Amino acid sequence: QVQLVESGGGLVQAGGSLRLSCAASGRTFSSYAMGWFRQAPGKEREFVAAISWSGGSTSYADSVKGRFTISRDNAKNTVYLQMNGLKPEDTAVYYCATGSGRSARPGNYDYWGQGTQVTVSS
């Protein structure tokens, strides 16, 4: 059974930083792409960042480009999201997901974590 467990969320002031982690188990982690998505209250889930199985290719939403960095450690079965320069509009529940290819489309991912709350105060 595939499990994804996010951690690292919390409350931070605008301009601050957080590092999210997502620990995976139940499948060969290094064979799959990973993605981060977020969902704010009353809004649809939106793409944040994705990384290929090898870590050699990444993609970002325009809203986070230059501030967020996705990375992975296949030896630790973990994907990370380093978030710098946080803004109040980054407040959301952040989810990691695993799928067969790096994509911005939620439907391309077949397993999801439970989410971790990120709150950015102004």
Side-chain angles (χ1 to χ4, degrees):
Q1 183 177 356
V2 178
Q3 286 192 320
L4 301 174
V5 180
E6 301 98 336
S7 61
L11 173 64
V12 64
Q13 288 188 334
S17 299
L18 283 174
R19 188 195 197 200
L20 305 184
S21 299
C22 173
S25 62
R27 69 170 19 170
T28 305
F29 178 77
S30 59
S31 297
Y32 294 88
M34 298 294 296
W36 284 99
F37 292 77
R38 67 187 182 186
Q39 188 167 18
K43 295 186 177 181
E44 293 187 353
R45 190 168 297 189
E46 66 172 359
F47 170 72
V48 175
I51 189 167
S52 62
W53 64 271
S54 68
S57 298
T58 58
S59 55
Y60 297 91
D62 288 343
S63 59
V64 306
K65 204 170 292 183
R67 300 187 297 123
F68 290 11
T69 302
I70 189 171
S71 62
R72 66 189 296 161
D73 185 338
N74 286 343
K76 295 183 178 180
N77 289 356
T78 302
V79 63
Y80 304 97
L81 185 68
Q82 178 67 45
M83 306 186 294
N84 299 328
L86 283 161
K87 305 175 181 179
E89 52 263 44
D90 294 318
T91 295
V93 177
Y94 283 70
Y95 299 89
C96 68
T98 179
S100 57
R102 181 173 57 89
S103 172
R105 300 173 64 177
N108 284 17
Y109 295 86
D110 46 6
Y111 292 98
W112 293 78
Q114 83 289 346
T116 185
Q117 176 70 47
V118 171
T119 303
V120 184
S121 63
S122 57

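Note that this is a predicted model, so its numbers are computed, not measured.
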*Identify, with sequence neighbours excluded, every residue that meets side-chain hydrogen bond (donor to acceptor under 3.5 Å, both in side chains) alongside Gln82.*
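Partners of Gln82 under the side-chain hydrogen bond (donor to acceptor under 3.5 Å, both in side chains) test: Asn84.
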*asked:* Would a single hydrophobic cluster contain both Val118 and Tyr60, if residues Ile, Leu, Val, Met, Phe, Trp and Tyr are joined by side-chain heavy-atom contacts under 4.5 Å?
replied: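 Yes, Tyr60 and Val118 fall within the same hydrophobic cluster.
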*Decide if the gap between the ring center of Tyr111 and the ring center of Tyr32 is smaller than 6.0 angstrom.*
no
*Centroid-to-centroid, Trp36 to Phe68, below 6.0 Å?*
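Not close enough - the centres of the two rings lie 6.0 Å or further apart.
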Looking at [X] and [Y], what are the two nearest heavy atoms and their distance?
X     : Y      : result
Ala50 : Tyr109 : CB-OH, 3.5 Å
Ile70 : Met34  : CD1-O, 4.1 Å
Phe29 : Ala24  : CD1-CB, 3.4 Å
Asn77 : Asn74  : OD1-O, 3.1 Å
Ala33 : Gly101 : CB-C, 3.4 Å

_Do Asn108 and Arg102 make a side-chain contact, defined as non-hydrogen atoms from C-beta onward lying under 4.5 Å apart?_
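Not touching, per the 4.5 Å side-chain cut-off.
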*In Å, rounded to the nearest 0.5 Å, how long is the span from CG of Leu86 to OG1 of Thr119?*
10.5 Å
*Could you state the interatomic distance from OG (Ser30) to CG (Asp73), rounded to the nearest 0.5 Å?*
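Answer rounded to 0.5 Å: 11.0 Å.
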*With sequence neighbours left out, which residue pairs that include part of residues 13-38 fulfil the salt bridge (charged side-chain N to carboxylate O under 4.0 Å, His left out) condition?*
Arg27-Asp110, Arg38-Glu46, Arg38-Asp90
*Sort and list the pairs that fulfil salt bridge (charged side-chain N to carboxylate O under 4.0 Å, His left out) and have at least one residue in residues 49-66, not counting sequence neighbours.*
Asp62-Lys65
